[in-house]
Enquirer: 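This is the structure I have questions about; it appears just below.
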8 protein chains.
Amino acid sequence: MKTEVKDILQAVKDGSMSVDDALLKLKTNPYEDIGFAKVDLHRKYMQGQAEVIYGAGKTSEQIIKILDTMLANGEKRILITRLSKESADAIMKIHDISYDEASRVAVLGGNASADGIGRIVVATGGTSDIPVAEEAAKTAEFFKNDVVRLYDVGVAGLHRLLSHKEEIMNASVIIAIAGMEGALASVIGGLADCPVIAVPTSVGYGASFNGLSALLSMLNSCASGVSVVNIDNGFGAGYLASMINHMEVKK
Amino acid sequence: MKTEVKDILQAVKDGSMSVDDALLKLKTNPYEDIGFAKVDLHRKYMQGQAEVIYGAGKTSEQIIKILDTMLANGEKRILITRLSKESADAIMKIHDISYDEASRVAVLGGNASADGIGRIVVATGGTSDIPVAEEAAKTAEFFKNDVVRLYDVGVAGLHRLLSHKEEIMNASVIIAIAGMEGALASVIGGLADCPVIAVPTSVGYGASFNGLSALLSMLNSCASGVSVVNIDNGFGAGYLASMINHMEVKK
Amino acid sequence: MKTEVKDILQAVKDGSMSVDDALLKLKTNPYEDIGFAKVDLHRKYMQGQAEVIYGAGKTSEQIIKILDTMLANGEKRILITRLSKESADAIMKIHDISYDEASRVAVLGGNASADGIGRIVVATGGTSDIPVAEEAAKTAEFFKNDVVRLYDVGVAGLHRLLSHKEEIMNASVIIAIAGMEGALASVIGGLADCPVIAVPTSVGYGASFNGLSALLSMLNSCASGVSVVNIDNGFGAGYLASMINHMEVKK
Amino acid sequence: MKTEVKDILQAVKDGSMSVDDALLKLKTNPYEDIGFAKVDLHRKYMQGQAEVIYGAGKTSEQIIKILDTMLANGEKRILITRLSKESADAIMKIHDISYDEASRVAVLGGNASADGIGRIVVATGGTSDIPVAEEAAKTAEFFKNDVVRLYDVGVAGLHRLLSHKEEIMNASVIIAIAGMEGALASVIGGLADCPVIAVPTSVGYGASFNGLSALLSMLNSCASGVSVVNIDNGFGAGYLASMINHMEVKK
Amino acid sequence: MKTEVKDILQAVKDGSMSVDDALLKLKTNPYEDIGFAKVDLHRKYMQGQAEVIYGAGKTSEQIIKILDTMLANGEKRILITRLSKESADAIMKIHDISYDEASRVAVLGGNASADGIGRIVVATGGTSDIPVAEEAAKTAEFFKNDVVRLYDVGVAGLHRLLSHKEEIMNASVIIAIAGMEGALASVIGGLADCPVIAVPTSVGYGASFNGLSALLSMLNSCASGVSVVNIDNGFGAGYLASMINHMEVKK
Amino acid sequence: MKTEVKDILQAVKDGSMSVDDALLKLKTNPYEDIGFAKVDLHRKYMQGQAEVIYGAGKTSEQIIKILDTMLANGEKRILITRLSKESADAIMKIHDISYDEASRVAVLGGNASADGIGRIVVATGGTSDIPVAEEAAKTAEFFKNDVVRLYDVGVAGLHRLLSHKEEIMNASVIIAIAGMEGALASVIGGLADCPVIAVPTSVGYGASFNGLSALLSMLNSCASGVSVVNIDNGFGAGYLASMINHMEVKK
Amino acid sequence: MKTEVKDILQAVKDGSMSVDDALLKLKTNPYEDIGFAKVDLHRKYMQGQAEVIYGAGKTSEQIIKILDTMLANGEKRILITRLSKESADAIMKIHDISYDEASRVAVLGGNASADGIGRIVVATGGTSDIPVAEEAAKTAEFFKNDVVRLYDVGVAGLHRLLSHKEEIMNASVIIAIAGMEGALASVIGGLADCPVIAVPTSVGYGASFNGLSALLSMLNSCASGVSVVNIDNGFGAGYLASMINHMEVKK
Amino acid sequence: MKTEVKDILQAVKDGSMSVDDALLKLKTNPYEDIGFAKVDLHRKYMQGQAEVIYGAGKTSEQIIKILDTMLANGEKRILITRLSKESADAIMKIHDISYDEASRVAVLGGNASADGIGRIVVATGGTSDIPVAEEAAKTAEFFKNDVVRLYDVGVAGLHRLLSHKEEIMNASVIIAIAGMEGALASVIGGLADCPVIAVPTSVGYGASFNGLSALLSMLNSCASGVSVVNIDNGFGAGYLASMINHMEVKK
């Protein structure tokens, strides 16, 4: 994803772009002020994620304004996370987006074909973890990855998980999503031979303490290759998985 | 274990013991005051555990005095838990006990032959959990149970656990002992078809928070038939497992 | 409960079922995919609880679809926990279920006659703990146990608890349910001579911290034979109590 | 205890002390600076507790210096809490004190005869709670109260507690001291008909979290008339119990 | 408050009541079962508080049924705490009660004249603590105490508190109620010379953590004579204060 | 403190230093690598605190090496915090430092005369808080402030605090240091009319939870003008107080 | 701000006010009782903040009554924080106030011209922190400070923060406001050379635990000159910043 | 790392190994029982990490026995983590190992040449974090990675971090290690364009709560591509970084 700055520099080196034009392209409009938020157009070059809008806490008017600014600056595909049904309905009247109500994810401009190292497996312990899983899966797909979904394969019914041993063994990266006891990450981490990104969910009751139990459990995983993101942070897991699944492109 | 009161009452009914003698036997010396602690000789009749001394926080002199009182009241076999090496050495000079330094458990009077429903499996996630496991196992053996030890079968190496699937499927009761992520209880709970007593241990570092992580994980287990005792409470698990494994005797 | 797999195998041994038929019966349809959830029909053989649906977080349409799949696979009696009034009303239009609004428990197919070792006592500290207690009691009854209810016998009014000493002394298993200080489990554990399953409830205010106080109190119980399940987990307690109360059947 | 200021004022009213003398007595030397600590001689008039030294974190030299200052100002009886064995030995070479190593309490000047409303009962759940209990008991005795000690009467062995029902029913104030599950306060609170001061102790292991479990349990007590002081705060409980047991004197 | 049992016994001693009648009066109907709750008529003799109904979590129908049972058993004055506006309105149609919406306290039968040792001061840190304070004050008044209200005298404006120094110095018992930093209990404890009952409130935001901050602060009070009840537990404080304020009656 | 960079720039403007010399002075040796730590000589210009060494976790050899590097770069006065007695003894053999064992603060090069706006008051609740207070006071003195020490003026003895009302009213900045209930900050915040920096200390036991209680209490202070630093962070408070007390110099 | 008492005293010294008039002005009506709250008119003289009303938990009627009392006592400019839209609308019908819905801050009487030492920078990590930031900014402006707003400059996009390096370097005081990881305070603290007041916000989800994560992060800041106020306490930060920014006036 | 199983299977496919030999190689000796621990030789094939010994809680005798078993099974290079100085000394007498006392890491058989995608940057906030960092760095080097160390580049001195911007921008994977406020992960996450593995450390005091503050801060990072491992888990971070840095090899 670090390609765009490199492209510009390469163009300068190749002579196909003047130094001044390059400078201009890099420096102008680092962000455009639209009143309530700085649309960080530069971040695309710095982090490769300018095309993402975090929808929580923004009105549909604000989101539409950000979308317009992005589109005006040449963005073609945009991912919106944590988008309420109401905001999605309002946006759909103006822009052509696909929207999934359970995960609250919207995509403008559709998905491009996958070009990662391998496949990303998204596994959940139960059916209640699916909204978080879909946020992760859709994020990974938006960033050009093939995704395999293994839902409701919690450790209390081990045969269901083990019947998918092949997908787990062949994965490039695995996102293990679970609430309650969070044991899924350790069991998958023990079976797999690739990075495992654990996502605790706030699903559960009583001593799950809104995801704290699963979070601690995952941080204490005895399996190697497991790391953890914030409770319910499907986007973060999907984005990181994509990063790892595109490692080969970097050289 | 509720047998002794029953025996007395039956003897009364049978005519082999007079009501007065029975009353005397039941009421005299409910506890004998030896200065620093009430030796609860009555508790044996009430709870069947008078023969256990909790050694933590007692001097070797105090423990010897309690032992003497118990022996003088006819106790034949006594279990001492959380007994320091120093106290054990001091006691050994006077009484014939077997002592295990790792689990700090001592037994006076040896073990009797097992008479439970089936076998009790004691499983641990790692080798560091063994001291707690031995406290549980030795307690269960003291109370007349066959014990099968499955140590170091943590979920990060699932094949080791699965290679013992038969012992797990055939157990009467299982004690699942683990620190860190505590996932062992859930995985075993999913495989087994008998009560599983989960014991979180304080083994670990960082976000294990001295057993809190394993404790929460076990309380949130999605597997049915799992219940939890206090962190590092091997005795409690062994005692409860024995109770369950002697259920048939009750009728 | 491990009887069904055994029955099949026994039938094979007896010659009343061919090996191929047995294989077929064991292997076909381990779970049937109905879109949003894998109905785990196999789990019945593995864990004896396929007949339970956890209703929380499922729409009435989803629950009805699962019910239909189960019934189509030969299930006769089904327990649904955490079922909202709305969903219950919707289901009642199609299926004949009995529903208790307080505990949110529904039963399809009625209860069968009890066949356990003894009686299960379900005791609560206050009247506010009754919904959790009823979840436990109805679960135990569904799994063929006689249940004795002792409600509102909290330790602050000891005479009420002691007036039921006989039921407590004669119980096969006791489920002690309490919020706030959670002392009920310890007091009953001291009186009883059978396994005690403690259920902390989220009833209370202030420093009860949604059940944390009762949970810690119960984990620290000084009485032997006490173990703990998750806050408000009446089902888990009822299921485990039934397991223990059917121990004799296992040999 | 509010008597001394009143005495001065009464003397003024009676004419047996001039206003100037009274003023002088009240205002001079509110505290004497001895370098490392302000010996608050005034506090005696304000709070009636100048005669107490909190020994923790003070060297024996510092304590002796404070003692000397107090004695020089006319103090006759002095209580020292949390006094290490080493400091006690050093002080004994100079002053005549009685010292109890378990509770780390020292008394200079002996105890005076009791003059309270009734008797203060100090009860503990186990033998490990005795050091805290003795701090409470010795404090209450120093402040002129009859104390009844009921040690090792924890709720898991209810018959031991109930065999002391009379002392509990007749107490003027009860101090209930327990670690682990802390249920003692609730059970006593339900039996008694007088103020109960609950003292959680740090005795225990695992999920007792150094007294947190007992603390929360006691705060959530369903029994009326129960209030709580800090973990291990035997002095605070003894002092407050004495205050309550001297209520009638106030009028 | 232990008077009623004593009255009966005294009547027996005086010859004005036969032993059998006394026995009958003491033993009959320890509680009357009205379906959803045991109305504990005996508790009046045991704890002197049968006349209190905890309204939280009960429907107006249930409360009315309890009221009727109590009245039928001769109760004249009844206190109802945590009573919702809706339930109060429903009850008012049938019974004559006075109701305070802020504190959710209702009284049936009016207050009797005060007969305590002295006056009970109820002080609050801010105006938001007043509902809890009124629960405490009205409870104390119901149990025959004079109450002095000092509201909004938090420590950040010390002159307001100090302008009431006289009331504080002359109090028999003080109830100090505060949320946020909870410093009020310590400052009053330092000024006063009587038992101080501290009530943390859940008032506040951010790091007040629903009363935890005030609770810890009060438990750590350096002032002597301070004890603590549960967060927002105005009733508990008022009841205990009344107990202490009636100490002299006990002899 | 921002003076040094300004001085250089002013010298450039004045013509007394060439731009190249200025550049050289600003850019050379931003830090000097001495193996185990980067001595940040640049930080002096950036933050004005290069002259401070945090001694915790460093060997005496490491500290001496850092000292030598600093002295070689022209540093005249150096403050060392959290310096163990052992390290101080070792350093004293080589360098001339003054060292205070209680606060573990050492000063090399002595103190310069005070030049702040007013005086900084350092107040503590008890005598056990003095080590933290001295770290704050000595830090403030090192940075050229007059310091007034008010130790052992906790809120439980309000008259001691009020007898220093004048110092409090006239302070430029106040550092309020207390463990246990932490109420000192609020009371002082209410009395004073200047910024109050609250320092919770880990002094205490039981529910003080190593300073957590005081920390929460101080964060919840109802008095305006109060802010909080980390538990036991005397240096941070002293440094910030000095910053505020030199505000007028900035223009 | 300590000017008003001084003015009175100076007037006395100058002879322009009689001692009696001064006494009268200082002592009369320290607070006026209006039923539900003591309007603390004296506090203005003591703390300079009588002109602030904390709107949370007060009805519009109560706020209007307080406003009227203040205005009747000569107050010209009044700040109301945490004022709901509903209450603001009700007040606007009677009084002329400016109201900002996002920060829930209202100002009566407008702002006066700034007279502080320098400018106060208010910076936020994200756009969701703006409501808290506006509470801080508007408070600072009300107390006569120039405010520079730097919003959405979180550390994950460092170039945005660094593009404002000049404002940060030139600030008199900085208020750093952030939720989630709270790193903003440390980074700004490292760049700046003035007091930094950190305000954690409850913005975030999952392991942000309603601001706890940001709070702990800010308390642990390694940068010097950073102190912390309560979660979401924009007013406290703005008030303290103003105090510091007016230090020079004090001499 | 999944190469070895594949190699065997490929050999089978190629005809260079018989199916029986392959089966034998895969199935024999899945672990060798040496009394106190199962040496899991199979795990190498399953997870590629058999060559690692976790030294904590093992005696030098036990470690030597495990080493001997591993060497006898053909292992050439072995990494030992958390190895005490005493054990290292004992092992060195028998085996040729390199040992680093600070990080407690030992390597037997030396390091092989790096063959990863790019370089792994290991950065720390302070010098106290170096032991954890060296555990991570040495682990990564053992698994054939080039490592760039950036120590003591905490965010409070941003210029030091920014002076290494190039290493950060060019890294393949970054391990960000910090205690206290943990802000390093977010700042690096914002600068970098590769996966960032955050390691909280237990370095700090007061409200760092043994790493909890850094842990929460890192979990809440607003930068994309950041995930977290357990407190002080240098090995886990190094192992995962190596996994990611060898992604391209997988195809």
Side-chain angles (χ1 to χ4, degrees), chain F residues 1-6 43 45-49 52 54 116-118 139 143 169-173 189-200 215-216 218-231 233 235-251, chain G residues 1-6 43 45-49 52 54 116-118 139 143 169-173 189-200 215-216 218-231 233 235-251:
Chain F
M1 291 160 191
K2 211 159 48 184
T3 50
E4 299 205 34
V5 178
K6 234 189 209 156
R43 210 190 287 179
Y45 304 106
M46 298 302 292
Q47 275 214 307
Q49 58 160 299
V52 182
Y54 180 69
I117 296 176
T139 296
F143 287 111
M169 301 293 283
N170 290 329
S172 182
V173 189
L191 291 173
D193 180 29
C194 68
V196 175
I197 303 167
V199 189
L215 170 62
L216 292 181
M218 287 166 164
L219 283 167
N220 280 288
S221 174
C222 299
S224 299
V226 177
S227 63
V228 186
V229 296
N230 196 2
I231 297 166
N233 190 4
F235 168 76
Y239 183 83
L240 174 56
S242 174
M243 244 189 192
I244 298 173
N245 196 35
H246 284 84
M247 286 296 288
E248 64 178 351
V249 187
K250 292 195 64 168
K251 263 197 183 163
Chain G
M1 291 162 192
K2 211 160 45 185
T3 51
E4 301 206 29
V5 178
K6 234 188 209 157
R43 209 190 289 180
Y45 304 106
M46 298 302 290
Q47 276 213 309
Q49 57 160 300
V52 182
Y54 179 70
I117 295 176
T139 297
F143 287 111
M169 301 293 283
N170 290 331
S172 183
V173 189
L191 291 173
D193 181 27
C194 69
V196 175
I197 303 167
V199 189
L215 171 62
L216 292 180
M218 286 166 165
L219 283 167
N220 280 287
S221 174
C222 299
S224 299
V226 178
S227 63
V228 187
V229 296
N230 196 1
I231 297 166
N233 189 4
F235 168 75
Y239 183 83
L240 174 56
S242 173
M243 246 190 189
I244 297 174
N245 196 36
H246 285 85
M247 289 296 289
E248 65 180 349
V249 185
K250 294 195 62 165
K251 261 201 183 161

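Remember, it's a predicted structure, so these values are computed and weren't measured experimentally. Chain naming here is simple, since letters A, B, ... match the order of the sequence lines and numbering starts at 1 in each.
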Enquirer: Could you report the tightest heavy-atom contact between F:G225 and G:Y239, atom names first, then the distance?
Expert: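 Heavy atoms only, the tightest pair is N-CD2, 3.8 Å.
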Enquirer: A side-chain contact here means heavy atoms from C-beta on lying under 4.5 Å apart; do G:P195 and F:M247 qualify?
Expert: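 Yes, close enough: below the 4.5 Å cut-off.
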Enquirer: Nearest 0.5 Å, what's the CG-OG distance between F:N230 and G:S227?
Expert: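 It is 12.0 Å, given to the nearest 0.5 Å.
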Enquirer: Using a 4.5 angstrom heavy-atom cutoff, name the option from G:V196, G:V228, G:L240 with the most pairs to chain F.
Expert: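 Option with the greatest count: G:V228.
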Enquirer: Could you look at F:L215 and say if it's the side chain, the backbone, both or neither that has a heavy atom under 4.5 Å from chain G?
Expert: side chain
Enquirer: Tell me, for G:L216 versus chain F, whether the close heavy atoms (under 4.5 Å) come from the side chain, the backbone, both or neither.
Expert: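 For G:L216, neither part sits under 4.5 Å from chain F.
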Enquirer: Run the side-chain contact (heavy atoms from CB on, under 4.5 Å) test against F:S221 and tell me which residues pass, sequence neighbours left out.
Expert: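 Partners of F:S221 by the side-chain contact (heavy atoms from CB on, under 4.5 Å) criterion, ordered by chain and then number, come out as E:E181, F:S186, F:A223, F:V226.
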